Amino acid sequence: MPTLFDPLTLGDLELPNRVIMAPLTRMRSKQPGNIPTQLNATYYRQRASAGLIISEATQISQQGQGYPATPGIHTPEQVDGWQLVTDAVHEAGGRIFLQLWHVGRISHRSHQPGNELPVAPSAIKPSGGTFSADWKQVAFETPRALETAEVSDIVKQYRVAAENAEQAGFDGVEVHGANGYLIDQFLQDGSNKRTDEYGGSIENRARLLLEAVDQATSLWGPGRVGVRLSPYGTFNDMSDSDPVGLFTYVLSELSRRGIAYVHIIEPRASLAGGQDGTNASAPRTAEIFRKAFSGALISAGGYDRADAMRAVESGTADAVAFGRLFIANPDLPERLRSGADLNAYNRATFYGGGEKGYTDYPRAS
Ligand code: 8OZ
């Protein structure tokens with residue numbers, strides 16, 4: 001079996017190692033406009049030794065935004081901003097995919113065009129809240145259920161965003177189908193009570209994800225498209241009556257399409273700075289879903305060095321994605337390889353702000 005430090009063929013890409021930088025929301029884009037900057041480029045450049053960088057979740061439209069200062073990929077200024085990032089990563093010898101994101105009901109009017117209600121598969125209010133556009137803690141409201149025709153518009157948003165990602169110089173795209181955002185809201189029956197072709201059966205609930213993926217693969221080719229999923233995750237008030245049936249179907253359809261990888265978040269992971277999301281009773285999903293997908297599997301969620309090495313060496317995963325450890329250790333692959341001490345991360349600087357807690361974590365040497 002290979003080790004965490006061996007190369008990996010991931011779709012069309014050759015990765016020098018299997019230490020992946022997880023998508024990490026940092027809320028540091030330029031305002032107004034949600035535009036990536038030179039500071040963001042510096043942050044990603046520092047982490048270019050990752051086998052693959054997956055960008056922070058990036059809204060495909062204004063309607064798809066749910067937190068302040070997250071970057072978008074739907075305006076020319078954002079495409080230019082991302083070009084700074086991809087150039088920096090490529091100059092440093094790295095590879096970077098853009099994560100395509102629509103938050104659905106995990107939003108607030110202050111982020112929405114015309115201050116309208118957030119949209120969702122069904123008018124079901126999630127528990128909890130988010131930050132408004134001016135960084136105030138606000139409760140979620142009951143979202144507006146999308147009309148069937150509007151779902152096609154959202155599929156088009158994925159298409160345009162995938163085109164913009166190509167223009168911005170990315171190496172591929174990851175469709176965010178995890179953590180209770182729009183695609184996951186469609187997938188899981190706790191949040192999807194629709195009676196049209198996007199609700200009801202597993203096939204219907206998976207339709208939006210697969211249509212978004214088909215837009216991405218028709219443009220990029222399957223070898224440059226990945227999908228992120230979080231079976232059994234409870235973050236953002238998610239639930240499903242049959243996670244094994246649902247995700248086995250989804251993974252078989254993704255296998256058929258021959259995409260580069262799926263990226264599965266272990267439900268034991270604590271998300272959003274540890275506020276929520278730990279499902280201690282859930283199974284190890286990398287193990288139960290490994291057989292259901294024929295391409296590469298990236299596993300994520302609270303891995304340490306020993307766990308990650310074991311996951312790859314035992315064949316449970318082809319690669320492991322690290323979030324918090326990559327925030328604090330720009331040279332994480334080399335530190336894990338050599339067994340060097342790791343810098344501790346500071347939760348207080350995860351979201352928002354500038355260089356502090358972003359580009360000032362030191363390298364080991
Ligand atoms: C933490 C804070 C805000 C958003 C996810 C995009 O959970 C996120 C996210 C995480 O996938």
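In this text the structure is predicted, and so the values were computed from the model without any measurement. Each ligand, and each atom within it, is numbered from 1 in the order the structure gives.
- The ring of Trp101 has its center closer than 6.0 angstrom to the ring center of Tyr67.
- Contact atoms of ligand 1 toward Ala57: 6 (C) (distance under 4.0 Å to a heavy atom of the residue).
- Proximity of His176 to ligand 1, defined as any heavy-atom pair under 4.0 Å, is confined to the side chain (atoms from C-beta onward).
- In this structure, the side chain of Arg159 does not engage the main chain of Ala216 through any donor-acceptor pair within 3.5 Å.
- A perpendicular orientation is assigned to the rings of His111 and His108, their planes being inclined by more than 60° (bins at 30° and 60°).
- Using cut-offs of 30° and 60° for the angle between ring planes, the Tyr358 and Tyr43 rings count as parallel.
- Close approach of ligand 1 to Tyr181 (heavy-atom distance below 4.0 Å) involves ligand atoms 4 (C), 5 (C), 6 (C), 7 (O), 8 (C), 9 (C), 11 (O).
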For Arg257 and Glu253: C-alpha separation, side-chain torsions, deciding distance, then whether salt bridge (charged side-chain N to carboxylate O under 4.0 Å, His left out) applies. CA-CA 6 Å; Arg257 287 163 169 81; Glu253 285 299 309; 2.9 Å; yes
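- Of the N or O atoms in Thr25, none lie within a sub-3.5 Å distance of an N or O in ligand 1.
- Checked by distance only, ligand 1 and Asn179 come closer than 3.5 Å through their nitrogen or oxygen atoms.
- Close contacts between ligand 1 and Phe235 involve ligand atoms 7 (O) [criterion: under 4.0 Å to a heavy atom].
- Near Tyr351, the atoms of ligand 1 lying under 4.0 angstrom from a non-hydrogen atom of the residue are 1 (C), 2 (C).
- Within 6.0 Å of the CG atom in Asp341, the count of heavy atoms belonging to other residues, nucleotides or ligands does not exceed 12.
- Near Trp101, meaning under 4.0 Å from one of its heavy atoms, ligand 1 places the atoms 6 (C).
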